[in-house]
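The structure follows.
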2 protein chains.
Amino acid sequence: MAPALASVEAEASADLIRAAGVKVTRGRVRVLDALHAARQPLSHAEVEARLGDASDPAVDRVTLYRILDSLVACGLALKAVDTRGVFRFSAAGAQRQHANHVHFRCTDCGGVFCLKAEPPPPPRLPRGFRLNEVAFDLRGTCAGCSSRVGV
Amino acid sequence: MAPALASVEAEASADLIRAAGVKVTRGRVRVLDALHAARQPLSHAEVEARLGDASDPAVDRVTLYRILDSLVACGLALKAVDTRGVFRFSAAGAQRQHANHVHFRCTDCGGVFCLKAEPPPPPRLPRGFRLNEVAFDLRGTCAGCSSRVGV
DNA sequence: GCGCAAACGCAACCTTGTTGCATTTAAATG
DNA sequence: CATTTAAATGCAACAAGGTTGCGTTTGCGC
């Protein structure tokens, strides 16, 4: 039963939103659900498409922008920019699985590959600097693109 | 004498453009000059502002986009996207000075700081992967922003 | 249920970036 | 040097992404 599952997810999202200290609205719950269900960060347009169900109309474009910003502001979502300059949003916590290993970005196809290696310890920072996150990104061509070029 | 210096720079840019196998036009020379003179990657608007001199009018907005793209296409410039989703362009070669050390990006003010430490050796890659570049980026708050928050 | 601040929907607007087309120009050729 | 041609430019219009202002609705504390 899909509705039951959806309802459970909505409850979880609603609780998160309530705990964040902001109003629980249908729009926020549905957007946060969509972000949680997605495996990759979603653009504004992608979120809009996933909410545009037949039963109930999608939220307003501007409201969606504000919902996304509000989720970011209260720490439930993260905002990043992709290679085309478009903002992408992901549910907070989803990135933690990507925080502690190394990424390989293919400059040819744009794909991102997660390597098993752990990032090395960060060097000493100047006085007053506070470290939050370490990103160790390698760039090059992946196996698929390397072989395709050779053909 | 500034004009003499500018002329020398223009000659160098013109030679680079000629060597790249594309037409040498006034617009391309001036844009490449601007990119070389800049210490940071410039946005389209910033390039436009630097070319908008009193003596001769700035190039057309669209033409500037095409000039920047053509410089990227022939390998004389690099295109990247900043945290606001805006494309920034830098002269090719200028990035090499940033390739071999660690960067600290302040998530508060957006500033980038170059640390003295060298990046650690990359881990072993899966078969077929080719490595071109290593980026070891630390994220957090810089000294200035940390102290300002504390006040 | 009542009241109020927060959230929403709508319209208009701004910035960044792109496309089509007529005109100009770099530079190769004779 | 004159001719020629493909590339580059300028202009207008457009498209996508994102923001602002404002009146209306709604979550939620009382």
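Each chain gets a letter, A, B and so on, in the order the sequences are listed, and its residues count up from 1.
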Exercise. May I have the distance from R28(A) (atom CZ) to dT25(D) (atom P), rounded to whole angstrom?
Key: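 Value for this atom pair: 19 Å.
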
Quiz item: Of V22(B) and V62(B), whose closest DNA chain D nucleotide lies nearer the 5' terminus?
Solution: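 Upstream on the strand: V22(B).
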
Quiz item: Which nucleotide sits closest to the side chain of D60(B): dG9(C), dC11(D), dA8(D)?
Solution: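 Selected nucleotide: dC11(D).
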
Quiz item: Any ion pair linking D15(B) and R18(B) (charged N to carboxylate O, less than 4.0 Å)?
Solution: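 Yes, charged N to carboxylate O under 4.0 Å.
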
Quiz item: Considering only heavy atoms and no angle criterion, is a donor-acceptor pair shorter than 3.5 Å present between the side chain of R61(A) and the base of dG18(D)?
Solution: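 Side chain to base: pair present.
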
Self-check item: Rounded distance (Å) that lies between atom P of dA5(C) and atom NZ of K23(A)
Solution: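 The distance from NZ of K23(A) to P of dA5(C) comes to 10 Å, rounded to the nearest Å.
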
Quiz item: Nearest-Å distance, CZ (R30(A)) to C1' (dA7(C))?
Solution: 15 Å

Exercise. Please report, rounded to the nearest Å, how far the P atom of dT15(C) is from the NE2 atom of H44(A).
Key: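 Atom-to-atom, H44(A) to dT15(C), this comes out as 20 Å.
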
Exercise. Let me know which of F87(B), F89(B), Y65(B) forms a ring pair (Phe, Tyr, Trp, His ring centres under 6.0 Å) with H44(B).
Key: Y65(B)

Quiz item: Quick one: Y65(A) OH to dC10(C) C1', roughly how many Å, whole number?
Solution: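 Atom-to-atom, Y65(A) to dC10(C), this comes out as 16 Å.
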
Quiz item: Of all the nucleotides listed (dA26(C), dT18(C), dC22(D)), which has the minimum atom distance to the side chain of D69(B)?
Solution: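 The nucleotide sitting nearest to the side chain is dT18(C).
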
Exercise. Please tell me which of the listed nucleotides, dG18(D), dC10(C), dC28(D), lies nearest to the side chain of F87(A)?
Key: dG18(D)

Quiz item: Taking atom C1' of dG9(C) as reference, at what distance in whole Å does atom CG of L51(A) sit?
Solution: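 In whole Å, dG9(C) C1' lies 15 Å from L51(A) CG.
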
Quiz prompt | Distance, nearest 0.5 Å, that separates OG of S90(B) from CG of L42(B) | solution = 8.5 Å

Practice problem: Please tell me if the side chains of R28(B) and V24(B) come closer than 4.5 Å, counting only heavy atoms from C-beta onward. | Solution: no

Exercise. Evaluate the side-chain proximity of D69(B) to K79(B): yes if any heavy-atom separation is below 4.5 Å, no if none is.
Key: yes

Quiz item: Over how many whole Å does the gap from I67(A) atom CD1 to dA7(C) atom P extend?
Solution: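 Taking atom P of dA7(C) as the reference, CD1 of I67(A) is at 10 Å.
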
Quiz prompt | Residue mapping more 5' on DNA chain C - nearest nucleotide basis, T25(B) or R88(B) | solution = R88(B)

Quiz item: Would one find a side-chain N or O of T63(B) under 4.0 angstrom from OP1 or OP2 of dG10(D)?
Solution: yes

Quiz item: For the pair made of CD1 in I17(B) and P in dA7(D), what is the distance, rounded to whole Å?
Solution: 17 Å

Self-check item: Short side-chain N/O contact from S70(A) to OP1 or OP2 of dA7(C), under 4.0 Å
Solution: no

Quiz prompt | Closest to side chain of R66(A), choosing from dT18(C), dA26(C), dC8(C) | solution = dC8(C)

Exercise. Measure from the side-chain heavy atoms of V86(A) and tell me the nearest of dG18(D), dA26(C), dC8(C).
Key: dG18(D)

